[in-house]
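This structure is a prediction, so every number in the text was calculated from the model and none was measured. In what follows, every heavy atom counts, from backbone to side chain, and hydrogens, waters and symmetry copies are set aside.
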Amino acid sequence: MGERIVLVHNFYQIGGGEHTVFRNEKQLLEENGHYVVPYTRTNDELKKSVWKKILLPFSTCFSWRTYREIKRLIKEERISVVHCHNTFPLISPAVYYACFRMHVPVLQTVHNFRLVCPGGTCFRNGAVCEECLKKKSLLPALRYGCYRKSRLGTAVVVGMLWVHRKLGAYRKLNYIFLTPFYAKKIAPLLNVPENRIFIKPNFCLSGGIPAPADEVDLHKFVYVGRLDDYKGIYLLAQLWLTLPKEFILKIYGSGAMETKLAAIAAQHGNIELCGFQDQNVVREDLRTACALVFPSIGYESFGLSVIESFSLGVPVLMNENESLGFVEENGTTGYRFSVNDPASLAEAIQYICKKMATLKQNCLEAYEKRYTPQRNVKDLEHIYAQIQEQVMQ
């Protein structure tokens with residue numbers, strides 16, 4: 001008999017990887033015999049109610065609506081586990097207290113740095129910033145206005161984090177960290193006991209069909225993701241101009257850097273701005289690419305596009321970024337380069353082209369070993385069993 005689970009998620013107005021993971025896990029759990037009750041809110045609610053906007057600073061810290069509704073769901077649906085993805089800003093940490101009150105284990109998947117960095121990215125002024133982590137204080141974020149470049153907005157997030165740290169809520173939670181890197185950076189600051197820390201990567205719900213060797217275009221490279229500065233995409237576009245014209249970079253996504261990238265693409269024929277496209281369209285183009293390019297200069301929780309690439313047998317060209325060392329093995333499933341060094345990019349491309357057959361096989365093996373739905377559901381079931389044992393002890 002499967003678990004009875006409340007799966008919790010606050011949808012932002014702009015989609016992203018967190019939303020995809022939530023939907024994928026819901027489908028995966030249901031397909032494997034578990035009873036899933038989704039508890040979701042969307043930030044679109046703020047457009048419909050002036051009062052919700054006015055009261056947001058208070059409900060972000062503690063939503064009485066969430067507290068009542070989660071308690072009711074646990075009781076009426078006989079819930080055994082509450083699994084949270086995103087609770088910010090409408091659901092709030094009130095979900096945790098409802099679980100504590102009902103003596104039901106609660107699990108938080110950590111998708112970003114929000115718990116220790118009000119901005120959520122550990123990125124400021126074009127570079128990684130760890131001031132709040134190193135000083136074990138949230139005051140630097142207030143000084144810089146790290147949440148949406150607003151000191152007032154940052155004060156709300158800082159207040160939420162400070163209150164629930166003082167109340168000890170965060171150290172009582174169970175956590176899924178997507179990589180050991182995230183666990184190392186975040187868990188010590190929240191004083192999380194080791195038995196409440198679990199490492200589980202994301203997964204690809206449906207792998208595609210790898211392209212035969214004769215269909216792979218050794219001159220086509222693909223970027224998939226948000227067009228933001230911390231993703232390193234603008235630096236990559238500038239670097240790409242140093243390559244011979246036959247090497248084409250296709251960019252899928254939207255974001256703040258779109259106008260700047262469009263200006264570059266308009267002047268140079270080897271960069272194509274493809275915009276935001278359906279996943280099937282992107283997958284079909286990616287499967288015949290020489291490599292996925294992942295140029296991020298900020299910390300990444302876990303690149304879903306990397307797993308998608310592995311499932312298609314497509315290697316990854318990745319910036320030298322320590323946060324994703326767990327995912328991409330240099331020289332085995334791809335190759336690393338520096339977004340500040342044209343020679344390193346040329347070297348990486350040369351290596352990929354030369355070793356394509358071996359890299360393709362390595363990527364497929366890495367996917368089958370670590371990132372399939374079958375592996376992921378087993379990991380989730382094991383974690384659910386572990387946290388329920390802790391409650392009974």
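Between N319 and S338, the closest heavy-atom pair is OD1-CA, 3.6 Å. Counting all heavy atoms, side chain and backbone alike, Y371 lies closest to N202 at CD2-O, 3.7 Å. Scanning all heavy atoms of the two residues, the minimum distance from L292 to V314 falls at N-CG1, 3.7 Å. Closest of all the heavy-atom pairs between I352 and L317 is CG1-CD2, 3.7 Å. Across all non-hydrogen atoms, the minimal contact from N86 to I91 is O-CD1, 4.0 Å. Of all non-hydrogen atoms in L312 and K360, the two that sit nearest each other are O-NZ, 3.8 Å.
At least one donor-acceptor pair closer than 3.5 Å links the side chain of K220 to the backbone N or O of D285. Counting only distance, with no hydrogens or angles, the side chain of N112 and the backbone of R114 share a donor-acceptor pair below 3.5 Å. Within the 3.5 Å criterion, the main-chain N or O of T332 finds a donor-acceptor partner in the side chain of N362. Checked by atom type and distance alone, the side chain of W64 never pairs as donor or acceptor with a backbone atom of A94 at under 3.5 Å. No donor-acceptor pair closer than 3.5 Å links the side chain of N174 to the backbone N or O of I387. With S301 contributing its side chain and H111 its backbone, the two residues share a donor-acceptor pair below 3.5 Å. Using a distance-only test at 3.5 Å, with no hydrogens or angles considered, no donor-acceptor pair links the side chain of T288 to the main chain of D217. Although no hydrogens or angles enter the test, the distance criterion places a donor-acceptor pair under 3.5 Å between the side chain of T242 and the main chain of L239. A distance-only check finds a donor-acceptor pair linking the side chain of T154 to the backbone of Y147 [under 3.5 Å].
The only option from I383, V106, T109 that meets the side-chain contact (heavy atoms from CB on, under 4.5 Å) definition with H83 turns out to be T109. When each of E3, E381, K26 is checked for a side chain to side chain donor-acceptor pair (under 3.5 Å) with H34, only E381 meets the rule.
Side-chain contact between F198 and D379 is absent, with no heavy atoms from C-beta onward closer than 4.5 Å. No side-chain heavy atom of C132 sits less than 4.5 Å from a side-chain heavy atom of V116. The closest side-chain heavy-atom distance from C146 to R124 is below 4.5 Å. Residues L236 and F221 fail the side-chain proximity criterion, which asks for heavy atoms closer than 4.5 Å. Side chains of L56 and L90 form a contact here, defined as non-hydrogen atoms less than 4.5 Å apart. The shortest distance between side-chain heavy atoms of K184 and F177 does not fall below 4.5 Å. Between P315 and M356 the shortest side-chain heavy-atom distance falls below 4.5 Å. Between T372 and F203, every side-chain heavy-atom pair lies at or beyond the 4.5 Å cut-off.
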Walk me through it: do T333 and V316 pass the test side chain to side chain contact (heavy atoms under 4.5 Å, CB included)?
CA-CA 7 Å; T333 53; V316 180; over 6 Å; no

Hey, mind stepping through N125 and Y144 against side chain to side chain donor-acceptor pair (under 3.5 Å) and telling me if it holds?
CA-CA 10 Å; N125 290 342; Y144 300 124; over 6 Å; no

Applying side chain to side chain contact (heavy atoms under 4.5 Å, CB included), run through M160 and V157 and close with a yes or a no.
CA-CA 5 Å; M160 175 193 73; V157 182; 4.3 Å; yes

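One finds no salt bridge joining K369 and E365 here, because no Lys/Arg side-chain nitrogen approaches an Asp/Glu carboxylate oxygen to under 4.0 Å. Salt bridge K200/E25: present, at least one basic N to carboxylate O contact under 4.0 Å.
In the hydrophobic cluster analysis, where Ile, Leu, Val, Met, Phe, Trp and Tyr join through side-chain heavy atoms closer than 4.5 angstrom, L249 is grouped together with L218. W240 and I248 are assigned to two separate hydrophobic clusters, defined by single-linkage of ILVMFWY side chains at heavy-atom distances under 4.5 Å.
Within the structure, the salt bridge (charged side-chain N to carboxylate O under 4.0 Å, His left out) test picks out the following pairs touching residues 143-157 (sequence neighbours left out): E131-R143.
Judged by the 6.0 Å distance and 45° axis criteria, R4 is positioned over the aromatic ring of Y35.
Taking the six-membered ring for Trp, H164 and Y97 have ring centres closer than 6.0 Å. Taking the six-membered ring for Trp and the full ring otherwise, the centers of Y67 and F62 sit less than 6.0 Å from each other. Ring-centre distance between F113 and Y182: below the 6.0 Å cut-off.
Ring planes of F11 and F22: perpendicular class, angle over 60° (limits at 30 and 60°). Between Y299 and F181, the ring planes lie perpendicular to each other; the angle is over 60°, past the 30° to 60° tilted range. Ring geometry for H85 versus H9: interplanar angle over 60°, hence perpendicular rather than tilted (30 to 60°).
For E194, the CD atom is loosely surrounded, since the number of other residues' heavy atoms within 6.0 Å does not exceed 12. Within a 6.0 Å sphere centred on NZ of K245, other residues, nucleotides and ligands contribute more than 12 heavy atoms. Residue F100 qualifies as enclosed at atom CZ: its count of foreign heavy atoms under 6.0 Å is above 12.
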